[in-house]
Amino acid sequence: MVVFSENIFSSYVKNPNLFNNKGALLHSFVPEKISYRDREIMRLSSILAPVLRGFQTNNVFIYGTCGTGKTICSKFVLNQLEEMGSNNGRAIKTIYINCKMKRVADTEYRLFAQLLRELGVAVPDTGLPTDVLYRSFFEKVDEKEQAVVIMLDEIDYLFKKVGDTFLYNLTRINEELKKARLNIIGITNDLGMRDGLDMRVKSSLGEEELLFRPYNAAELKDILRKRAEAGFMPGVVSECVLSKCAALAAQEHGDARRALDLLRVAGEIAERRGDMEILEEHVDLAEQSIDMDKVIETMRSQPKHSQAVLLSIIKLSETMKKKSSWVDKRVLTGDVFNVYTSICEENCIKTLTQRRLGDLITELDMLGIINARVISKGRYGRTREISLAINEAVLEKTKKFLVERFGY
DNA sequence: AGTCCACAGGAAGGGCAGGCGA
DNA sequence: TCGCCTGCCCTTCCTGTGGACT
C-alpha cells in the first residue's frame with residue numbers, strides 16, 4: 001500500500017498561483033471590448049438594429065477561417081442586442097447552436113430538438129416526426145410578439161451532412177410567422193458553401209454577407225496581451241512569450257483561438273511545474289499537448305468502428321513507409337478495409353461493410369484527422385488515397401491509445 | 001475508341017430504440 | 001400493453017466515374 005507522508009493536494013496548494021481569472025483565457029469568454037473587429041461589429045449591429053424597433057431584418061451569412069473572431073463578435077453583438085432590447089421593453093431571444101456538436105445538432109431532427117430545448121420545451125432524443133418538432137418550434141416562437149435570433153455556428157458541417165432543407169424550412173417558418181420574427185445568422189469556415197445552396201435558400205439566407213479576414217501576428221499579440229492582463233497574475237507573462245504564441249498562431253492562418261490555447265496551456269504547464277512565470281519552453285510543450293489532447297479526445301468519443309478504421313490507416317501508413325521506393329506507397333480504401341477486417345476479427349467485433357467504411361473515412365476526413373482524396377488509377381479503378389493529417393508526436397500517442405483499445 | 005477496374009456515393013429498405021395514442 | 005410511427009445506423013443494390021490498358 002502506498003503511504004503518503006502529506007496530503008496529496010499539498011503540492012498543488014504550495015505551488016504559486018499564476019492565474020488570476022482563467023475564464024478570460026477561454027474561447028467562450030466574451031470580452032467587453034473586441035480589438036481589430038470594429039468594422040465587422042458595426043456592420044453586424046447595423047444589420048440587426050431594426051429588431052429593436054420591431055422590424056424584420058435581413059439574415060446574415062458570416063465567413064472566415066478558424067479563429068478570426070466570427071463567433072465571439074456575433075455573440076458580443078447578440079449580447080448587446082438582448083441587453084438593449086430588455087432596456088427598451090422589446091422581447092429579444094438569442095439562441096446559439098454549434099452544428100458540429102455530435103448528437104446535439106448534427107441532423108435536422110436534432111437541430112430542431114435543440115432549438116426547442118433552448119426555448120424551454122422538453123423534446124425526446126428520438127421517436128417524434130421531424131415535422132412535429134418543426135410545428136412545435138413554429139408555435140413556440142409565434143406564441144408572443146418577439147424577435148428570435150438564431151446563430152448557427154459551423155453551419156457548413158450540418159449542410160454537408162444533411163443538405164440545405166433545414167435552412168429552407170427555417171426561412172419558410174420566418175415567412176409564416178404572424179407575431180414573432182425570426183433571424184438567422186449562419187457562421188462558416190467554408191467560403192465555398194454558399195455556391196452549394198439551393199437558389200431560394202441562397203437568396204433568403206445570404207441577404208447580407210460578412211467576411212472576417214485573419215489576424216496578423218501584431219494583432220494577435222495585442223489581443224493576447226489584453227487577455228493575459230485579465231487572465232494571469234502580474235509578471236507571469238513576458239513579451240517574448242506573447243510574441244511566440246502570436247507567431248505560432250499567425251502561421252496557422254491567424255488563428256486567435258490557437259494563440260489563446262497556447263498561452264493558457266503554457267500557463268497550466270508552468271503552474272504544474274511550480275514555475276513563477278511562463279517560459280518559451282512551456283509554449284513548446286503546450287503546442288504538442290494541445291494537438292494531442294484534441295485528437296485523442298475526438299477519437300475517444302468516436303464509435304469503435306471509427307477507431308478501428310483509424311488504427312488500420314496508421315498501421316498501413318507505417319507499413320508503406322518501410323516499403324522500397326519503387327513500390328506504390330499509397331494507402332487506399334481497399335487496403336484499409338482488409339486491415340480493418342482483421343482488427344475486427346481479432347477483437348470479435350462484427351465488421352461493417354465496405355460501403356459503410358467509406359462513410360467512416362469521410363467522417364475522419366471531416367474531423368481533420370486524415371486527408372482522403374478520390375483518385376483514379378486508370379485501369380486499376382477509382383479509390384481514395386488516404387494520408388494522416390496529424391504530426392508525429394500526436395500520432396504516437398493516438399496509436400498508443402488505439403493499440404491499447406484493440407490490442408492489435 | 002472501347003474496355004475495364006475498384007471503388008465512390010446515391011437510393012431504398014431492414015432492424016432497433018424510443019414516443020405516442022388507443 | 002400493443003400497434004404504429006419516427007429517426008438513426010447500417011446493409012444491399014445499383015449506377016457513375018476517370019484514367020490505364022488494349
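In the text below, chain A, chain B and the rest are named by the order of the sequence lines, each starting its count at 1.
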Practice task
Specify the separation, in whole Å, of atom CZ of A:Arg330 and atom C1' of B:dC7.
Solution key: 14 Å
Practice task
Name all pairs fulfilling the salt bridge (Lys or Arg N to Asp or Glu O under 4.0 Å) condition that reach into residues 42-55 of chain A, sequence neighbours left out, sorted by first residue then second.
Solution key: A:Arg43-A:Glu208
Between the protein and nucleotides 20-22 of chain C, are there any N/O to N/O pairs under 3.5 Å, and if so, what are the atom names and distances?
| unit_1 | atom_1 | unit_2 | atom_2 | d |
| --- | --- | --- | --- | --- |
| C:dA20 | O4' | A:Arg379 | N | 3.0 |

Practice task
Please report, rounded to the nearest Å, how far the P atom of B:dC5 is from the CG atom of A:Leu332.
Solution key: 17 Å
Handout entry: Set of side-chain hydrogen bond (donor to acceptor under 3.5 Å, both in side chains) partners for A:Arg379, sequence neighbours left out
Key = none
Exercise for the section: For nucleotides 13-19 of chain B, just jot down a letter per nucleotide in 5' to 3' order: B, S or -, based on protein non-hydrogen atoms under 4.0 Å. Expected result: -----BS
Practice task
Give the rounded distance in Å between these two atoms: CZ of A:Arg384 and P of B:dC7.
Solution key: 11 Å
Handout entry: Inter- and intrachain pairs under ring pair (Phe, Tyr, Trp, His ring centres under 6.0 Å), touching residues 19-51 of chain A, at least two apart
Key = A:Phe19-A:Phe232
Practice task
With sequence neighbours excluded, tell me which residues meet salt bridge (charged side-chain N to carboxylate O under 4.0 Å, His left out) with A:Arg39.
Solution key: none
Expected list for residues 140-152 of chain A: side-chain donor-acceptor pairs under 3.5 angstrom, two or more places apart:
| unit_1 | atom_1 | unit_2 | atom_2 | d |
| --- | --- | --- | --- | --- |
| A:Lys140 | NZ | A:Glu143 | OE2 | 3.2 |
| A:Asp142 | OD1 | A:Lys178 | N | 3.2 |
| A:Asp142 | OD1 | A:Lys179 | N | 2.7 |
| A:Asp142 | OD1 | A:Ala180 | N | 2.8 |
| A:Asp142 | OD2 | A:Lys178 | N | 2.9 |
| A:Gln146 | NE2 | A:Val141 | O | 2.9 |

Handout entry: Comparing A:His305 and A:Pro129 on DNA chain C - which has the more 5′ nearest nucleotide
Key = A:Pro129
Fill in the blank from the handout: Here the distance between atom P of C:dT6 and atom CZ of A:Arg135, to the nearest Å, is 12 Å
Exercise for the section: For DNA chain B, determine which residues of residues 349-357 of chain A have any heavy atom closer than 4.0 angstrom to one of its atoms, and list them numerically. Expected result: A:Gln354, A:Arg355
Exercise for the section: Step through the shown structure and confirm whether more than 12 heavy atoms of other residues, nucleotides or ligands are within 6.0 Å of CD on A:Glu176. Expected result: yes
Problem - Separation of B:dG9 P from A:Arg373 CZ (nearest whole Å) - result: 13 Å
Practice task
Please check if any side-chain donor atom of A:Glu82 sits under 3.5 Å from a side-chain acceptor atom of A:Thr94, or the reverse.
Solution key: yes
Fill in the blank from the handout: Residues pairing under ring pair (Phe, Tyr, Trp, His ring centres under 6.0 Å) where one sits in residues 115-135 of chain A, two or more places apart or in two chains, turn out to be A:Phe112-A:Tyr134
Practice task
Assign A:Gly358 to base, sugar-phosphate, or nothing according to its heavy-atom contacts below 4.0 angstrom with the strands shown.
Solution key: nothing
Handout entry: Listed nucleotide nearest any side-chain atom of A:Thr333, set C:dC8, B:dC7, B:dG9
Key = B:dC7
Handout entry: Interatomic distance, A:Leu133 CG vs B:dC20 C1' [rounded to whole Å]
Key = 13 Å
Contacts under 3.5 angstrom, residues 365-373 of chain A side chains, donor-acceptor by atom type, not counting sequence neighbours:
| unit_1 | atom_1 | unit_2 | atom_2 | d |
| --- | --- | --- | --- | --- |
| A:Arg373 | NE | A:Glu385 | OE1 | 3.4 |
| A:Arg373 | NH2 | A:Glu385 | OE1 | 2.7 |

Handout entry: A:Ser35: side-chain hydrogen bond (donor to acceptor under 3.5 Å, both in side chains) partners, not counting sequence neighbours
Key = A:Lys226
Problem - Rounded interatomic separation in angstrom, taking OH from A:Tyr109 and C1' from C:dT6 - result: 8 Å
Practice task
List in chain and number order the residues that pass salt bridge (charged side-chain N to carboxylate O under 4.0 Å, His left out) with A:Glu219, two or more places apart in sequence or in another chain; answer none if no residue qualifies.
Solution key: A:Arg213
Fill in the blank from the handout: note: A:Tyr340, atom OH; C:dC10, atom C1'; distance rounded to Å ~ 11 Å
